[in-house]
Trainee: 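Before we start, here is the structure in question, set down as structure tokens.
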Amino acid sequence: MPEGHTIHRLARDHRPLLVGRTVSLSSPQGRFATGAELLTGRVVTRIEPYGKHLFYGFEGEQHLHVHLGLYGKWAGGVGPAPEPRGALRLRMVAGDHWLDLRGPTACEVVEPHERDAVVARLGPDPLRRDADPERAWARLSRSRRTVGELLMDQAVLAGIGNVYRAEVLYRAGVSPFRPGRELAREEWDPMWVDLSALLRAGVRAGRIVTTEREDRERRSGTARRDDAHYVYRRHGLPCRRCGAEVRTQVMAGRNLFWCPVCQAV
DNA sequence: GCTAAATGTTGAT
DNA sequence: TCAACCTTTAGCT
């Protein structure tokens, strides 16, 4: 489930398994091999997430660049690795641990300047300590594009996907159709803070939960198991706060969800 | 069992 | 704007 929280969680989980260790890499899928085997025998020096991109740094200043895309997934375990099945793009083995990568959009060995080029075209990532929210504000506040489009643009903000877009706008009470330039600074600053908090909670939980505990508890009598979101994929259902029907419409190529009452303007 | 859709991006039209 | 990439799952039958 790859928005930024998934990528940062993977970096956190993979560091103790890989950093400082000699790793062997193989690409059983063959036809999608991207030279990863050439890194076999080298030591992993660091693992860095930027937005939805993940970079595994190796001795010799080369990096393995991974982008999970829509369906990419890592699996792993301890002990002998299972027989490779299906489209297994990459297997990494370090000591007792094995890690299998399936279905990524990107899995390639890159030079430092290529890594830098990827990072350079990304906006600030709210999960990174070195993120500069002013860069995002500079883009948002000058744009005629809608805030619903801007939040999905990785050059404006890195790591936000379709779930966080819908949920953070709902929590801010901002219409996705508002042009970025009509967003007030006093509205945007709390949204950045909220995004950071939601993403951090997502890293901890390993999934996206954007509803407040009180909201979930208040509804507990009605026993909906799936109460992790306010509006995402809830079109046609009543808004959890006002009861109006949650709506959906394609924006920036993805299904947008919003409450027409709570997010009227 | 089958189909459609899904938390994403790229490159062609 | 749309197809392609490629995997999993939800919701049908």
Side-chain angles (χ1 to χ4, degrees), chain A residues 1-11 13 27-34 36 49-55 65-76 82 84-91 99-108 110 114-115 117-123 125-127 145-146 148-171 176 195 198-211 224-237 246 248-258:
Chain A
M1 300 133 190
E3 294 194 29
H5 69 298
T6 305
I7 308 311
H8 284 255
R9 173 63 179 248
L10 284 166
D13 291 348
S27 183
Q29 194 178 5
R31 119 184 124 93
F32 291 109
T34 50
Y50 288 89
K52 299 170 188 170
H53 298 259
L54 197 42
F55 293 94
H65 172 217
V66 173
H67 191 295
L68 295 180
L70 193 50
Y71 349 92
K73 204 171 240 179
W74 281 101
R85 283 184 296 103
L88 176 52
R89 185 79 71 93
L90 177 71
R91 170 169 286 174
L99 292 166
D100 283 358
L101 174 64
R102 294 171 188 278
T105 294
C107 172
E108 56 184 355
V110 298
E114 297 172 295
R115 189 265 326 265
V118 170
V119 173
R121 57 167 208 264
L122 296 174
D125 174 352
L127 280 173
R145 296 160 67 203
T146 66
E149 291 173 296
L150 290 161
L151 286 180
M152 291 285 277
D153 185 342
Q154 302 297 300
V156 176
L157 281 164
I160 312 307
N162 201 25
V163 179
Y164 283 116
R165 158 173 82 167
E167 295 295 303
V168 80
L169 286 170
Y170 176 87
R171 289 167 57 97
L195 269 176
L198 289 176
L199 281 158
R200 261 172 238 293
V203 174
R204 269 196 306 278
R207 68 190 193 110
I208 302 176
V209 177
T210 57
T211 46
R224 281 196 65 84
R225 208 167 48 248
D226 180 20
D227 60 355
H229 312 132
Y230 283 113
V231 288
Y232 176 71
R233 294 248 268 169
R234 293 195 71 250
H235 55 294
L237 296 171
V246 174
T248 185
Q249 166 183 324
V250 173
M251 180 188 282
R254 315 301 305 279
N255 291 319
L256 168 73
F257 306 88
W258 80 103

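Here is the naming used below: chain letters follow the sequence lines, and residue numbers restart at 1 for every chain.
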Trainee: Measure the distance from CG on A:L127 to C1' on B:dT7 and round it to the nearest whole Å.
Mentor: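 Value for this atom pair: 14 Å.
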Trainee: Could you go over nucleotides 2-6 of chain B and give all protein N or O partners under 3.5 Å, atom names and distances?
Mentor:
{"from": "B:dA6", "atom 1": "OP1", "to": "A:N255", "atom 2": "ND2", "distance (Å)": "2.8"}
{"from": "B:dA6", "atom 1": "OP2", "to": "A:N255", "atom 2": "ND2", "distance (Å)": "3.1"}
{"from": "B:dA6", "atom 1": "O3'", "to": "A:Y232", "atom 2": "OH", "distance (Å)": "3.0"}

Trainee: Quote, to the nearest angstrom, the P distance that separates B:dA6 from C:dC2.
Mentor: 16 Å
Trainee: Using the P atom as the point on both nucleotides, what is the distance between C:dA3 and B:dA5, in whole Å?
Mentor: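 Those two atoms are separated by 13 Å.
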Trainee: Can you figure out which of B:dG8, B:dT9, B:dT7 approaches the side chain of A:H5 most closely?
Mentor: B:dT7
Trainee: Looking at residues at least two apart in the chain, or sitting in another chain, which of them share a side chain to side chain contact (heavy atoms under 4.5 Å, CB included) with A:T105?
Mentor: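 If we apply the side chain to side chain contact (heavy atoms under 4.5 Å, CB included) test to A:T105, skipping adjacent residues, the hits are A:H67.
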Trainee: Find the distance A:Y164:OH to B:dG8:C1' and express it as a whole number of Å.
Mentor: 15 Å
Trainee: Name all residues meeting the salt bridge (charged side-chain N to carboxylate O under 4.0 Å, His left out) criterion together with A:R115; count only those two or more places apart in sequence or in a different chain, and write none if there are none.
Mentor: none
Trainee: If I pick the P atom on B:dT13 and the same atom on C:dC5, what distance separates them, to the nearest angstrom?
Mentor: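 These two P atoms come out 14 Å apart once rounded.
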Trainee: If you restrict it to nitrogen or oxygen atoms, what contacts under 3.5 Å exist between nucleotides 10-13 of chain B and the protein, and what is each distance?
Mentor:
{"from": "B:dT10", "atom 1": "OP1", "to": "A:R121", "atom 2": "NH2", "distance (Å)": "3.0"}

Trainee: Over how many whole Å does the gap from A:H65 atom NE2 to B:dT9 atom P extend?
Mentor: 10 Å
Trainee: Expressed in angstrom and rounded to an integer, what is the separation of A:H67 atom NE2 from B:dT9 atom C1'?
Mentor: 6 Å
Trainee: Using a cut-off of strictly less than 4.0 Å, decide whether A:K73 has a side-chain nitrogen or oxygen near OP1 or OP2 of C:dT7.
Mentor: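 Checking C:dT7 against A:K73, no side-chain N or O comes under 4.0 Å of OP1 or OP2.
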Trainee: Rounding to a whole Å, what distance do you find between A:L101:CG and C:dC5:C1'?
Mentor: 14 Å
Trainee: If you compare all heavy atoms of A:N255 against all heavy atoms of A:T248, which two are closest, and at what distance to 0.1 Å?
Mentor: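 Answer, listing the atom of A:N255 first, then A:T248: CB-OG1, 4.1 Å.
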Trainee: Once you round it to whole Å, what is the distance between C1' of C:dT1 and CE of A:M251?
Mentor: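 Taking atom C1' of C:dT1 as the reference, CE of A:M251 is at 16 Å.
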Trainee: According to side chain to side chain contact (heavy atoms under 4.5 Å, CB included), who are the partners of A:T211, at least two apart in sequence or on a separate chain?
Mentor: A:V209, A:R216, A:R219, A:Y230, A:R240
Trainee: A:R254: what forms a side chain to side chain contact (heavy atoms under 4.5 Å, CB included) with it, not counting sequence neighbours?
Mentor: A:L70, A:M152, A:N162, A:R165
Trainee: Taking CG from A:L68 and C1' from C:dT7, how many angstroms apart are they, rounded to a whole number?
Mentor: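 Interatomic distance, CG of A:L68 to C1' of C:dT7: 12 Å.
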Trainee: Using the test side-chain hydrogen bond (donor to acceptor under 3.5 Å, both in side chains), find all partners of A:R171 that sit at least two apart in sequence or belong to another chain.
Mentor: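 Scan of A:R171 (side-chain hydrogen bond (donor to acceptor under 3.5 Å, both in side chains), adjacent residues dropped) gives A:D194, A:E212.
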Trainee: Side chain to side chain contact (heavy atoms under 4.5 Å, CB included) with A:P176: which residues, sequence neighbours excluded?
Mentor: A:L169, A:M251, A:L256, A:W258, A:Q263
Trainee: Measure from CZ on A:R102 to P on C:dT8 and round the result to the nearest Å.
Mentor: 6 Å
Trainee: How many angstroms lie between atom NE2 of A:H53 and atom CD of A:Q154, to the nearest 0.5 angstrom?
Mentor: 6.5 Å
Trainee: Can you list everything that forms a salt bridge (charged side-chain N to carboxylate O under 4.0 Å, His left out) with A:R145? Sequence neighbours excluded, please.
Mentor: A:D153
